[in-house]
Protein chains: 2
Amino acid sequence: MSQMQNVERQLREMILALEVGPGERLTERWIEGRFGASRTPVRAALLRLETEGLVGRDGRGWTVSPINLAELEQIAVYREAVEVAALRLTCGQADKSAIDVIEAMLDSCDENTPREEWHRVGMDFHIELARLSGNEFLFRAVRDAMTRLSRARWLEVRDETALGRAWLEHRAILAATRLGQADEATRLLSAHIVGSRNRLVTSLANDRRGLRARGFAVVAA
Amino acid sequence: MSQMQNVERQLREMILALEVGPGERLTERWIEGRFGASRTPVRAALLRLETEGLVGRDGRGWTVSPINLAELEQIAVYREAVEVAALRLTCGQADKSAIDVIEAMLDSCDENTPREEWHRVGMDFHIELARLSGNEFLFRAVRDAMTRLSRARWLEVRDETALGRAWLEHRAILAATRLGQADEATRLLSAHIVGSRNRLVTSLANDRRGLRARGFAVVAA
DNA sequence: GATACCATTTTGGGATACCAATCTGGTATC
DNA sequence: GATACCAGATTGGTATCCCAAAATGGTATC
């Protein structure tokens, strides 16, 4: 594994895990020292993370992208379009065996599973479902959208009932997909995405003061 | 304007204008000499163009992305999803004055307009229409998809009737959008995209031999 | 003539040196 | 005490080295 990919991967993890806060300034020299790499791979990593929307330019200099509520709403609209299109493709396919793998993913979570794992599986559900479409561009769009949403979802205050409801919705989407019921499956998926967005934005807007107190830049809608 | 942005812009133009052929090998040193920049900005440019899909890694080393017919078909599905979603948003908006600007764009082309300009305006029509949605992600998705399609459309053998038909379809889409008829507008848009894709892929598949003879790598569907 | 092999060159990945722009902290001035 | 200003430190942008790996091309061998 090259240094460049290492820096990119580790820095992305730090950002997604909120070990560097949204809105925080980044200097190439700090990253250089932090990961023991020189500026060449650091710069490459920053350029790629910029296209992922995780870091941005702040005049001269780099900044961890703030949480932007308006952006989160736009991403929800975007992912609804691409996820629905992907799911429609999947419903039209004959082979539904791959759906079992995704169902097993959901099964792997129970009350003993750490919160972090629930978080990851909840994202991977959507990503893997999109992958089944066989369309590389729809897949990447969903994956990138989930990456952009990741930090915000991690900050969201979610109660147990909300988590349970999301899981039920995931299972209902899978069930309809397995039967090839495209209209029903996409209707459920749309509703799921819209509901998730509403809960997410509401939660963050309510917590905005607290999040800023923790040093996280949160831009209003 | 920094060197980095210059190299990126100029190299992108060379690739899109087919001044470096699809499938051609690129060396960082050649680009360095060609544009009079050092390797640092050259590498930054390559990293960005990679995310745009215009260049790719070929083991160790860089290659101008070949024309890939299977990819073109997938992009058509992708752009249909995002363009339809964007258009639906636009139809729901009260202010339709911006549509006149796009209509004027179409008007600016007549029989004296160079082919290159028709080509550009045909792309910008879709990009600017998506911009009206106000959703940054749908807009970028359309813009990036059109960038990826650009070279292929340039290679397409298009007769006058096909160009004229496309223009009529563009106008019909605008007309329905202006009236806020979302279902009709998106139906027309979908048909337009599917039709364009079919003509494009058919044309390239037929010309494949000739294109390869010109040194352009064309990957089959 | 085909092929295995080795020396040379070329290439991308990485490290580092340098620069101009900018930021910072302190100081002198009023 | 506020402010204008200047010197030093910091930073991203760029150029340039170095290196290991891979491609290249010529040659000896069969």
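To find a chain, count down the sequence lines: A is the first, B the second, and so on, and within it residues start at 1.
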Contact state string [nucleotides 11-18 of chain C, B base, S sugar-phosphate only, - no protein heavy atom under 4.0 Å]: BBBBBBBB

Residues forming a side-chain hydrogen bond (donor to acceptor under 3.5 Å, both in side chains) with Gln74(B), sequence neighbours excluded: none

Residues forming a side-chain hydrogen bond (donor to acceptor under 3.5 Å, both in side chains) with Asp100(B), sequence neighbours excluded: Arg178(B)

Rounding to an integer number of Å, can you tell me how far [X] [atom1] sits from [N] [atom2]?
| X | N | atom1 | atom2 | answer |
| --- | --- | --- | --- | --- |
| Glu8(B) | dT14(D) | CD | P | 12 Å |
| Phe35(B) | dA15(D) | CZ | P | 14 Å |
| Arg25(B) | dA22(D) | CZ | P | 13 Å |

Salt-bridge criterion met for Arg120(B) and Glu117(B) (N-O under 4.0 Å): yes

List in chain and number order the residues that pass salt bridge (Lys or Arg N to Asp or Glu O under 4.0 Å) with [X], two or more places apart in sequence or in another chain; answer none if no residue qualifies.
| X | answer |
| --- | --- |
| Arg88(A) | Asp183(A) |
| Arg12(B) | Glu8(B), Glu52(B) |
| Arg214(B) | none |

Pair assignment for dC30(D), Watson-Crick or G-U wobble, requiring both distances under 3.5 Å: dG1(C)

